[in-house]
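Here's the structure we're looking at; comments come further down.
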Protein chains: 2
Amino acid sequence: MTGDRLDAAFMALADPTRRAIVARLARGDATVTELAEPFSISMPAISKHLKVLERSGLITRSRQAQTRPCHLEREPLDAAIDWIETSRQLWNARFDKLEAHLHAVQATPSKKGTSR
Amino acid sequence: MTGDRLDAAFMALADPTRRAIVARLARGDATVTELAEPFSISMPAISKHLKVLERSGLITRSRQAQTRPCHLEREPLDAAIDWIETSRQLWNARFDKLEAHLHAVQATPSKKGTSR
DNA sequence: CCCTTACTGAACCAAAAGGTTATATAACTG
DNA sequence: CAGTTATATAACCTTTTGGTTCAGTAAGGG
């Protein structure tokens with residue numbers, strides 16, 4: 001359902017510049033110029049990154065005089081985490097099952113061909 | 001420090017096909033043919049995706065007769081989650097601070113120029 | 001030894017990503 | 001209204017990405 005949204009979020013987070021922007025915005029809203037400051041790329045490049053982030057839903061932008069303050073949205077970040085978390089939990093579940101199996105085998109060595 | 005590794009992990013997870021492969025592998029190891037089965041793309045395309053996943057550290061591959069079983073590694077998945085989680089926590093901390101501030105303001109309306 | 005199964009590699013291609021510079025636009029400032 | 005500040009758009013370029021097809025290689029099976 002949210003597959004498309006999730007796709008956009010992961011796409012957006014794939015770029016290190018955009019991740020840095022997200023990390024910065026996690027500390028508080030910032031204008032485009034402020035966000036651009038740490039990087040050695042042009043303003044239009046930053047503008048493009050922000051557009052990608054905006055379309056992915058990771059950020060929203062308002063208007064304040066000439067500036068366009070950027071705001072980090074929590075939901076897409078949550079969606080990304082949820083996806084990874086699910087995979088990780090399945091991975092764990094699988095591991096636990098193996099553990100359980102090994103325990104069962106050890107507990108009843110005569111059954112299930114534990115010979116040797 | 002792990003910035004490069006993190007970069008590779010997010011890059012790898014940006015593609016929906018690769019995320020589907022990761023999700024599949026979370027349920028257990030699988031061969032290349034098995035992984036390719038749900039998709040309508042060619043085997044070499046799958047092979048390329050697997051190489052991306054392998055170089056990102058998300059999966060490892062062994063050899064079993066002619067097949068190359070793929071195995072999901074947990075660490076890069078953890079690294080990705082950690083990064084997002086950190087951002088999210090900062091986001092929350094910021095919010096909490098605001099809440100605290102508002103509470104403080106409400107508690108002592110005469111101080112700090114709450115005049116309106 | 002050949003044949004099939006299971007992949008991988010090489011060469012190629014179209015589209016997208018990320019960057020640039022130069023040119024708008026939008027809002028405040030004098 | 002002219003000028004400055006803050007940001008966006010347009011046009012363009014290069015590299016990367018994701019896909020293709022057409023061989024190659026590697027390991028059993030007959």
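Atoms considered below: every heavy atom in the structure, side chains included; atoms not considered: hydrogens, waters and symmetry mates. Lettering of chains follows the sequences in order, A, B, ..., and the numbering in each one begins at 1. Since the structure is predicted, the reported quantities are computational estimates derived from the model, not experimental observations.
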Task: Phe10(A) CZ to dA17(C) C1', straight-line distance once rounded to whole Å - done: 19 Å
Open item on the list: Measure CD/Glu37(A) against P/dT5(D) and give the value in whole Å, please.
Closed with: 17 Å
Task: Minimum-distance pair of heavy atoms, taken over all atoms of Pro76(A) and Arg5(A) - done: CG-NH2, 4.5 Å
Open item on the list: Heavy-atom nearest nucleotide on DNA chain C for Gln64(A) versus Glu34(B): which residue maps closer to 5'?
Closed with: Glu34(B)
TODO: Heavy atoms under 4.0 Å is the rule here; annotate nucleotides 18-27 of chain C 5' to 3' with B where the base is hit, S where only the sugar-phosphate is, and - elsewhere.
DONE: BBBBB---SB
TODO: For Arg68(B), check side-chain contact (heavy atoms from CB on, under 4.5 Å) against everything at least two apart and list the hits.
DONE: Val32(B), Arg61(B), Arg63(B)
TODO: Determine to 10° how strongly the helix from dC1(C)-dG30(D) to dG30(C)-dC1(D) is bent, judged from the axes of its five-pair ends.
DONE: 10°
TODO: Measure the distance from NZ on Lys51(B) to P on dT16(D) and round it to the nearest whole Å.
DONE: 16 Å
- [ ] Check step by step if side chain to side chain contact (heavy atoms under 4.5 Å, CB included) holds for Leu13(B) and Leu58(B).
- [x] CA-CA 9 Å; Leu13(B) 292 175; Leu58(B) 275 163; 4.0 Å; yes
TODO: Applying salt bridge (Lys or Arg N to Asp or Glu O under 4.0 Å), name anything that partners Asp29(B), two or more places apart in sequence or on another chain.
DONE: Arg94(A)
Open item on the list: The criterion is side-chain contact (heavy atoms from CB on, under 4.5 Å); which residues satisfy it with Thr60(B), sequence neighbours excluded?
Closed with: His71(B), Glu73(B)
Task: Test salt bridge (Lys or Arg N to Asp or Glu O under 4.0 Å) applied to Asp78(A) - qualifying residues, sequence neighbours left out - done: Arg74(A), Arg88(B)
Task: Leu35(B) CG to dT8(C) C1', straight-line distance once rounded to whole Å - done: 15 Å
TODO: Output yes when at least one side-chain N/O atom of Thr31(B) is less than 4.0 Å from OP1 or OP2 of dC7(C), else no.
DONE: yes
Open item on the list: Quick one, Leu35(B) and Leu25(B) - any side-chain contact, counting heavy atoms below 4.5 Å?
Closed with: yes
Open item on the list: Keeping Trp83(B) on the side-chain end and Leu6(B) on the backbone end, is there a donor-acceptor pair under 3.5 Å?
Closed with: no
